[in-house]
Number of protein chains: 2
Amino acid sequence: MRRRTAPTPPAESAPGTRPLRADAERNRQRLIAAARELFARRGLGVTLDDIAHHAGVGVGTAYRRFANREALVEAVFEDQAQALIARAEHALDHADPWDGLAEFFQASARHFAEDRGLREVLLHGTHGRTRMAALRERLTPAVGALLVRAQEDGRLRDDVEATDFPLIQLMLGVVTEHSREVAPELWQRYSTLILDGLRAERAAPTPLPHRALDLDEFDQTMARHHSS
Amino acid sequence: MRRRTAPTPPAESAPGTRPLRADAERNRQRLIAAARELFARRGLGVTLDDIAHHAGVGVGTAYRRFANREALVEAVFEDQAQALIARAEHALDHADPWDGLAEFFQASARHFAEDRGLREVLLHGTHGRTRMAALRERLTPAVGALLVRAQEDGRLRDDVEATDFPLIQLMLGVVTEHSREVAPELWQRYSTLILDGLRAERAAPTPLPHRALDLDEFDQTMARHHSS
DNA sequence: GACCAAGCGGAGATGCCATCTCCACTTCCG
DNA sequence: CGGAAGTGGAGATGGCATCTCCGCTTGGTC
């Protein structure tokens, strides 16, 4: 809905509600921007207090504007989710069915790697009974069509299905989660490996685009994190 | 160290400390058993209070016997980790290098799927500066040898390394984590897929041992969970 | 330029939950 | 049977996120 660069600050609210005062609307935008950044970096678990301070407004303002975290999540991710769906639909137009699938696969993985919040919204699904759920449900059939097309072309193994896709992305997400500081692009290594597993057949392995962690990096990776 | 079925209840403690009174030792065993069960089912995050009640003893007893969760974790998992290491070392003796690797790969995945605590101890590594870290460090070279052997035999792709193994297991772990109640063996599907990615070459795909989730199951899977 | 509704900030109330202590009581064992 | 060892569990402690409240500021309107 909202275009990132929309030149129209006001309007947009539900009919019947009067528009926000200019300064309030400005703060609202700041909150969304701050939330976008913190969600991307630290996941949906960040506190509204954090977001408020990062936006340079008081906590009260945050709670006045967004009843709960849900509302803020929707305001932040509606765009990004739509974009991903669009991307899946465009991939169907790719000349080569396998390449269309593979590119979308990698592009999704990149989105999810770069935005922890997006990953949590679409793949962890906790934040459930919202508009986000509806978006997730639009993604699955688009992916399904991509898979079928590549299977009919004979290059994707026959036994994968639409629900496999998000679960595989979920698996890649955990690599990103752990290796974030040490090798933020490590996911590429495993996504290529998995794509090789998805091919109907192949002679040589596809070269992996990222080297393996060495033992030090591995230790650092394993030593991080507890929760999420 | 401790044999599960050891007929000798006492002894074993550090030299210089007198052995525990019989009832105390009994409670200690109960605590370890309860911890083993709860760690396996709900992960290392369970509270000592929970464990104590589950063991049928008071919380005070738990804290008197184990200074912190670490100590309890070690008492519970030393065995299991040793067993996994032994398994890796035995896999080197398998007649077929690839089969030795693949069997160990699947066996590990199964261990990790069936015991969330083990998974967290060996793959999440948070619980860091303990004897567990040392065990993790014994596992890596054993796995490395398995990989090299399969590569020399020409059936494992050349570009995988020892550190890839635990990261892949970590990825499988997240599937188990999410699908636990819906399809606890779903990891088999993805572990087979990944093994197909690890092969140096192949004609047809290996049949996947577990069907994909249907849309309902998928929704349930995604709807669970938040933390840990 | 003055008025007041709208908005602001942020200290602190509230609630939650895990860790760990303490001591009056019970049990073991020599 | 006596004293040392062990027990249990209520509650103290501390951390942490959510959300409220109200005295103060600001925007915009006449």
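Proteins get letters first, then strands, A, B, ... in listed order; numbering begins at 1 in each.
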message: Do A/W187 and A/R110 have side chains that approach each other closer than 4.5 Å (heavy atoms only, starting at C-beta)?
response: yes

field: Residues in ring-ring contact (aromatic ring centres under 6.0 Å, His included) contact with B/F165, at least two apart in sequence or another chain
entry: B/F104, B/F105

field: Residues forming a side chain to side chain donor-acceptor pair (under 3.5 Å) with B/D50, sequence neighbours excluded
entry: B/R42

task: Any chance you could list the contact pattern along nucleotides 23-30 of chain D? Use B for base contacts, S for sugar-phosphate-only contacts and - for none, protein heavy atoms under 4.0 Å, 5' to 3'.
output: ---BSS--

statement: Within residues 59-68 of chain B, those residues having any heavy atom closer than 4.0 Å to DNA chain D are B/V59, B/G60, B/T61, B/R64, B/R65

task: Whole angstrom is fine here: how far is it from CG in B/D50 over to P in D/dG8?
output: 16 Å

message: A side-chain contact here means heavy atoms from C-beta on lying under 4.5 Å apart; do A/M222 and B/L167 qualify?
response: yes

- prompt: Would you say the side chain of A/L195 lies within less than 4.5 Å of the side chain of A/Q106, judging by non-hydrogen atoms?
  reply: yes

message: Is any side-chain heavy atom of B/I194 closer than 4.5 Å to one of B/M171?
response: yes

field: Distance (rounded to the nearest 0.5 Å) between A/R65 CZ and A/L31 CG
entry: 8.5 Å

- request: Could you list where the contact with chain A starts and ends along DNA chain C, reading 5' to 3', using a 4.0 Å heavy-atom cut-off?
  value: C/dA5 to C/dG10

- prompt: Do B/E137 and A/L215 come within less than 4.5 Å of each other through their side chains, counting heavy atoms only?
  reply: no

- prompt: Considering only heavy atoms from C-beta outward, does the side chain of A/R28 approach that of A/T61 to under 4.5 Å?
  reply: no

5' precedence on DNA chain C between A/G58 and B/L48 (nearest-nucleotide basis): A/G58

All pairs passing ring pair (Phe, Tyr, Trp, His ring centres under 6.0 Å) where residues 20-62 of chain A contributes a residue, at least two apart: A/F39-A/F77

